[in-house]
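To keep things clear, I will list the structure first and then write my remarks on it.
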Amino acid sequence: MNNFFALMATTGDGSSGGGFSYIIMLLALFAVFYFMIIRPENKKKKEAEALRSSLSKGDKITTIGGLMGTIVEISDDAIVIETSEDRVRIAMQKWAVMTNNSAEEEKKKAQDEAKAKAKERAAAKAKEKAEKKAKKDKK
């Protein structure tokens, strides 16, 4: 075993240190691989699992296959959705759910409300500033 490390520590011309830089490069490559591929993929999986565990009756969803419908029944690993006004019902596995449209609509409403409040505050500040300037001009 000691001979292996001695061989790793020397290069072809007899100088030492080549094996150590090789190991550092491998570690750096693994770190890049981890942060660019493995970590984001694990994050996506956790988000998808959280989405599927938060499903409830009445949520409007879109499946991986593009079907859109409203959840009418739910169990541990399966759901039943109603896809149209004709009350067509389809049973499927939870892993087939891609998005929860109800939750996205709520997020969009909250963002729109926040934007509207920000605009109102900006308008109020502009009005205040104009009033102050008008008072200053009167003096």
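It should be emphasised that the depicted structure is a prediction, and the values quoted were computed from it without experimental measurement.
- Remark: S56 engages D59 in a side-chain contact (heavy atoms from CB on, under 4.5 Å) (not counting sequence neighbours).
- No option in I79, L51, D77, I61 other than I79 meets the side chain to side chain contact (heavy atoms under 4.5 Å, CB included) test with K94.
- Both M36 and F33 sit in one connected hydrophobic cluster of ILVMFWY residues. Membership requires side-chain heavy atoms under 4.5 Å apart, directly or through other members.
- Checked against side-chain contact (heavy atoms from CB on, under 4.5 Å), R39 has the following partners two or more places apart in sequence or in another chain: Y34, F35.
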Test log, rule side-chain contact (heavy atoms from CB on, under 4.5 Å), inputs T70 and I81: CA-CA 5 Å; T70 305; I81 64 170; over 6 Å; no
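- Listed by chain and number, the hydrophobic cluster partners of I64 are W95, M98, where partners are ILVMFWY side chains within reach of under 4.5 Å, directly or through others.
- For the pair M92 and A96, the tightest heavy-atom approach, listed with the atom from each and the gap, is SD-CB, 4.4 Å.
- For the pair T62 (side chain) and G66 (backbone), a donor-acceptor distance under 3.5 Å is absent.
- Applying the under-4.5 Å side-chain rule to Ile, Leu, Val, Met, Phe, Trp and Tyr, the cluster around F30 consists of that residue alone.
- Under the 4.5 Å side-chain heavy-atom criterion for ILVMFWY residues, no single connected hydrophobic cluster contains both M68 and L55.
- Remark: E104 pairs with T99, N101 by the side-chain contact (heavy atoms from CB on, under 4.5 Å) rule, at least two apart or across chains.
- Grouping Ile, Leu, Val, Met, Phe, Trp and Tyr residues whose side-chain heavy atoms lie under 4.5 Å apart, directly or via other members, places V72 in a hydrophobic cluster with V80.
- With sequence neighbours left out, the side-chain contact (heavy atoms from CB on, under 4.5 Å) criterion links R87 to E82, R89.
- Applying the side-chain hydrogen bond (donor to acceptor under 3.5 Å, both in side chains) test to every pair with at least one member in residues 112-134, sequence neighbours left out, gives no pairs at all.
- For the atom pair CD1 of I71 and CD1 of I74, the computed distance is 4.5 Å after rounding to the nearest 0.5 Å.
- Residue S102 comes nearest to G58 through the heavy atom pair OG-O, 4.1 Å, listed as atom of the first residue, atom of the second, then distance.
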